[in-house]
Amino acid sequence: MFSFKVDSWELFRDQEFKKNTFLWVIHADKKPPHIGISKEGVYFSLKVSGKDDQISINSLVGLVDSKHIPTLAIQIVDDLFEVKDLKDAFEDYTSATSHVSTCLSPISKLY
């Protein structure tokens, strides 16, 4: 099993989420966790039950906060895509399906 120690943590303010790009690790205490991505205040993720398509980052932060869901938000410094590219990457999917697509499938199209 792999492990990774984080040497320092930084708490972000909501403003940071609205103007930058983040990779979200939701249910970080579970195996596997759920992965989503946000840019400029909108969040995208692919789930078995469907997809989150341009969800307000305020809604996501409110949800993980109110339900106390262990979550990591990792800022992506050198992103080379726009919100439109995120829309396009998720457009081909309706949900994650066994042996076909996962929450990482549309995100991997971006890199």
Side-chain angles (χ1 to χ4, degrees):
M1 177 194 289
F2 293 100
S3 64
F4 180 78
K5 183 179 180 205
V6 177
D7 292 325
S8 65
W9 296 92
E10 181 179 343
L11 296 176
F12 288 100
R13 294 176 296 281
D14 287 346
Q15 287 296 64
E16 296 295 319
F17 294 131
K18 292 177 184 170
K19 62 182 179 181
N20 295 306
T21 304
F22 289 87
L23 192 64
W24 294 80
V25 182
I26 300 174
H27 293 290
D29 59 336
K30 305 248 190 280
K31 293 180 185 175
H34 179 69
I35 308 295
I37 191 166
S38 69
K39 182 171 182 75
E40 299 172 5
V42 291
Y43 174 76
F44 297 80
S45 79
L46 188 64
K47 308 177 290 190
V48 171
S49 61
K51 64 181 172 180
D52 293 325
D53 190 5
Q54 301 181 70
I55 301 299
S56 163
I57 205 67
N58 292 338
S59 296
L60 175 65
V61 170
L63 176 73
V64 298
D65 187 42
S66 68
K67 292 191 173 190
H68 306 288
I69 300 170
T71 301
L72 294 172
I74 303 160
Q75 185 174 358
I76 300 172
V77 178
D78 292 327
D79 64 342
L80 301 173
F81 54 88
E82 302 297 326
V83 172
K84 182 189 179 324
D85 299 319
L86 278 171
K87 291 179 196 176
D88 292 345
F90 279 82
E91 186 176 63
D92 295 335
Y93 299 92
T94 55
S95 66
T97 54
S98 182
H99 305 293
V100 177
S101 59
T102 69
C103 58
L104 286 174
S105 297
I107 296 169
S108 66
K109 287 182 165 186
L110 299 166
Y111 295 98

> Got Lys84 and Leu86 here, is their nearest side-chain heavy-atom distance under 4.5 Å?
Replying inline: no
>> Using side-chain heavy atoms (C-beta onward) and a distance below 4.5 Å, is Ile37 in contact with Phe90?
In response: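 The answer is yes; the side chains approach within 4.5 Å.
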Supply the atom-to-atom distance [X] [atom1] to [Y] [atom2], rounded to the nearest 0.5 angstrom.
| X | Y | atom1 | atom2 | value |
| --- | --- | --- | --- | --- |
| Ser45 | Ile26 | OG | CD1 | 6.5 Å |
| Leu104 | Leu46 | CG | CG | 9.5 Å |
| Leu23 | Gln75 | CG | CD | 11.5 Å |
| Lys87 | Glu82 | NZ | CD | 11.0 Å |
| Ser38 | Lys18 | OG | NZ | 12.0 Å |

Which pair of non-hydrogen atoms, one from [X] and one from [Y], has the smallest distance, and what is that distance?
| X | Y | result |
| --- | --- | --- |
| Ala73 | Phe17 | CB-CE2, 3.7 Å |
| Ala96 | Cys103 | CB-N, 4.5 Å |
| Ser105 | Thr102 | OG-N, 2.9 Å |
| Lys51 | Tyr93 | NZ-O, 2.7 Å |
| Pro33 | Val25 | CB-CG1, 3.6 Å |
| Ser101 | Ser95 | OG-O, 3.4 Å |

> Passes side-chain contact (heavy atoms from CB on, under 4.5 Å), Val42 versus Ile57? Steps please.
Replying inline: CA-CA 5 Å; Val42 291; Ile57 205 67; over 6 Å; no
>> Treating Thr71 as the side-chain partner and Ile69 as the backbone partner, does any N or O pair qualify as donor plus acceptor under 3.5 Å?
In response: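 Yes.
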> Can Lys39 and Asp85 be counted as an ion pair, charged N to O under 4.0 angstrom?
Replying inline: no
>> Working note: Glu91 + Asp53, criterion side-chain contact (heavy atoms from CB on, under 4.5 Å); need CA distance, chi angles, decisive distance, verdict.
In response: CA-CA 9 Å; Glu91 186 176 63; Asp53 190 5; over 6 Å; no
> So among Ile74, Leu72, Leu60, which one has a side-chain contact (heavy atoms from CB on, under 4.5 Å) with Trp24?
Replying inline: Leu60
